[in-house]
Amino acid sequence: MDRNAKVAVTLGDPAGVGPEVIVKALAALPTDERRDFVIVGNGEALERAARATGVGLGFGPSASEDGNTIAVDEVPLGAALPEIGKVSPVAGDASVRYITRAVDLAMSGQADVIVTAPINKEAMNLAGHHHDGHTGLLAHLTGSKSSFMLLASERLNTIHVSTHISLKGAIERAKTERVLATIEAGHRHFLRLGKKARIAVAGLNPHCGENGLFGTEDMEFLAPAVEQAQAKGIDVVGPISADTVFARACNGAFDLVIAQYHDQGHIPIKLVAFETAVNVSLGLPIDRVSVDHGTAFDIAGTGKANHVNMLSAIAYARLMARSPRQRT
């Protein structure tokens with residue numbers, strides 16, 4: 001990452017482990033690198049996290065030269081700091097306002113990439129923000145028609161045709177246009193990172209429908225999407241039965257798998273890269289990377305939360321910050 005590239009890190013739900021993994025991850029970085037970060041959130045929540053974790057960092061309006069004070073873009077809570085480890089509309093509203101502010105920073109060029117700590121969907125909806133999570137909220141805030149969730153790790157990468165909808169809704173969404181758009185989004189992202197990806201499309205039905213015995217969606221919708229992508233010069237094959245394609249990808253046959261729905265992609269990547277996989281939003285006018293874990297209310301406030309995933313998200317964000325965006 002260029003030395004002057006700025007990474008905006010959102011606090012996540014202030015009642016969860018987000019503040020703790022942020023302070024632990026930043027403390028683990030070399031002191032000169034900490035000046036590249038601005039935390040979008042509340043200094044009070046960060047100080048509470050620093051006490052819980054024993055991290056000796058300070059927080060203020062700007063970063064100190066020695067790297068021991070981290071810059072905070074303060075977003076007022078408008079209420080008392082919510083109780084740690086509890087679902088609350090105050091925390092849900094705060095988490096949305098942190099994201100909104102970070103998007104403003106990125107859209108205006110004040111931040112090169114956003115890294116997000118986990119939010120709680122129940123708390124967000126209790127506060128009146130009815131989105132399916134970060135992905136839908138970011139699409140709404142940036143005025144994007146849609147976005148795509150990529151889960152990235154060293155051994156396996158998977159991008160989803162659909163995410164936070166019912167299984168019935170996911171089947172309905174797995175149409176040629178959406179599958180093709182997902183393939184193209186993954187292809188463009190890997191080109192941006194300097195690689196023409198070998199892509200495989202996972203089947204929707206068992207054994208890709210077995211020539212219509214177990215459903216016709218793979219023949220009707222997925223296969224045409226693959227053919228259209230191939231005609232555009234994209235290195236893609238499929239559909240391939242989902243019970244084998246992820247193992248083949250992990251063994252090096254493919255760089256990216258197109259998953260048709262949330263659990264189809266999430267289960268394999270969490271089996272092989274639970275602590276290191278990161279969530280990347282594609283199809284937006286800004287860059288965003290997130291940890292791939294939740295708010296962990298059961299351990300929030302104990303200082304025990306593992307920050308390895310946040311370090312992985314920060315590393316991936318740096319990779320994106322130094323890679324030019326593809327405009328075609």
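FYI, the numbering just counts along the sequence from 1. Source: prediction; values computed, not measured.
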Show the nearest heavy-atom pair for residues [X] and [Y], with the distance to one decimal.
X: A50; Y: F59; result: CB-CE1, 4.1 Å
X: A71; Y: F37; result: CB-O, 3.8 Å
X: V113; Y: A321; result: CG1-CB, 4.4 Å
X: A106; Y: I286; result: CB-CG2, 3.7 Å
X: A174; Y: V161; result: CA-CG1, 4.2 Å
X: I159; Y: A185; result: CD1-CB, 4.2 Å

Minimum side-chain heavy-atom gap [X]-[Y] below 4.5 Å:
X: Y316; Y: L150; result: yes
X: I99; Y: I119; result: yes
X: T31; Y: R34; result: yes
X: P268; Y: T158; result: no
X: K270; Y: L151; result: no
X: T176; Y: Q228; result: yes
X: V7; Y: I314; result: no
X: Q260; Y: V201; result: yes

> Please walk me through it: do E33 and R318 pass side-chain contact (heavy atoms from CB on, under 4.5 Å)?
Replying inline: CA-CA 11 Å; E33 294 183 11; R318 286 173 161 168; 2.2 Å; yes
>> Could you walk me through whether F246 and L156 satisfy the side-chain contact (heavy atoms from CB on, under 4.5 Å) test, starting with their C-alpha distance in whole Å, then the side-chain angles of each, then the deciding distance to 0.1 Å, before giving a yes or no?
In response: CA-CA 8 Å; F246 293 100; L156 178 64; 4.2 Å; yes
>> Through direct or indirect side-chain contacts below 4.5 angstrom among Ile, Leu, Val, Met, Phe, Trp and Tyr, which residues connect to V308?
In response: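 In the cluster with V308 there is nothing else; it is isolated.
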> What residues join I165 in its hydrophobic cluster, counting side-chain heavy atom gaps under 4.5 Å, either direct or through other members?
Replying inline: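 For I165, no cluster forms, as it stays isolated from other hydrophobic side chains.
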Indicate if [X] and [Y] have the same hydrophobic cluster label, given that clusters are the connected sets of ILVMFWY residues with side-chain heavy-atom separations under 4.5 angstrom.
X: L311; Y: V38; value: no
X: L141; Y: I114; value: yes
X: V226; Y: I199; value: yes
X: L138; Y: M107; value: yes
X: I234; Y: L222; value: yes

In a table with atom names and distances, give each donor-acceptor pair under 3.5 Å that connects a side chain of residues 15-24 to protein atoms at least two apart or in another chain.
residue, atom, partner, partner atom, Å
E20, OE1, G303, N, 3.0
E20, OE2, G301, N, 2.6
K24, NZ, G303, O, 3.1
K24, NZ, A305, O, 2.7

> What residue pairs, at least two apart or across chains, pass ring pair (Phe, Tyr, Trp, His ring centres under 6.0 Å) with a residue in residues 145-184?
Replying inline: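 Applying ring pair (Phe, Tyr, Trp, His ring centres under 6.0 Å) to every pair that reaches into residues 145-184, excluding sequence neighbours, yields H160-H266, H164-H262.
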Tell me whether [X] at atom [atom1] has more than 12 heavy atoms from other residues, nucleotides or ligands lying less than 6.0 Å away.
X: D66; atom1: CG; answer: yes
X: E44; atom1: CD; answer: no
X: Q110; atom1: CD; answer: yes

Which value, rounded to the nearest 0.5 Å, describes the distance between [X] atom [atom1] and [Y] atom [atom2]?
X: R173; Y: L204; atom1: CZ; atom2: CG; value: 13.5 Å
X: L284; Y: S146; atom1: CG; atom2: OG; value: 9.0 Å
X: L46; Y: I39; atom1: CG; atom2: CD1; value: 4.5 Å
X: I183; Y: R188; atom1: CD1; atom2: CZ; value: 11.5 Å
X: N309; Y: S153; atom1: CG; atom2: OG; value: 10.5 Å
X: D73; Y: L11; atom1: CG; atom2: CG; value: 12.0 Å

>> Before you tell me yes or no, could you show the steps for V280 and M320 under side-chain contact (heavy atoms from CB on, under 4.5 Å), namely the whole-Å CA-CA distance, both residues' side-chain angles and the distance that decides it to 0.1 Å?
In response: CA-CA 10 Å; V280 186; M320 294 182 72; 3.8 Å; yes
Partners of [X] by side-chain hydrogen bond (donor to acceptor under 3.5 Å, both in side chains), sequence neighbours excluded?
X: T302; value: none
X: T244; value: none
X: T116; value: R288, S290
X: R48; value: none

With no hydrogens and no angle check, is any side-chain donor or acceptor of [X] less than 3.5 Å from a backbone partner on [Y]?
X: T182; Y: R178; result: yes
X: N42; Y: A45; result: no
X: R101; Y: T10; result: no

Side-chain donor-acceptor pairs under 3.5 Å in residues 291-300, sequence neighbours left out?
none

> Who passes salt bridge (Lys or Arg N to Asp or Glu O under 4.0 Å) against R97, sequence neighbours left out?
Replying inline: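 Counting only residues at least two positions away or on another chain, R97 forms a salt bridge (Lys or Arg N to Asp or Glu O under 4.0 Å) with D93.
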>> Going by salt bridge (Lys or Arg N to Asp or Glu O under 4.0 Å), name the pairs with one or both residues in residues 224-248, residues two or more places apart or in two chains.
In response: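 Sorted result for residues 224-248: E184-K232.
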> Under the side-chain hydrogen bond (donor to acceptor under 3.5 Å, both in side chains) rule, what pairs show up with a residue in residues 195-206, not counting sequence neighbours?
Replying inline: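 Checked against side-chain hydrogen bond (donor to acceptor under 3.5 Å, both in side chains) - neighbours excluded - the pairs reaching residues 195-206 are K195-D255, R198-D255, N205-E217, N205-D218.
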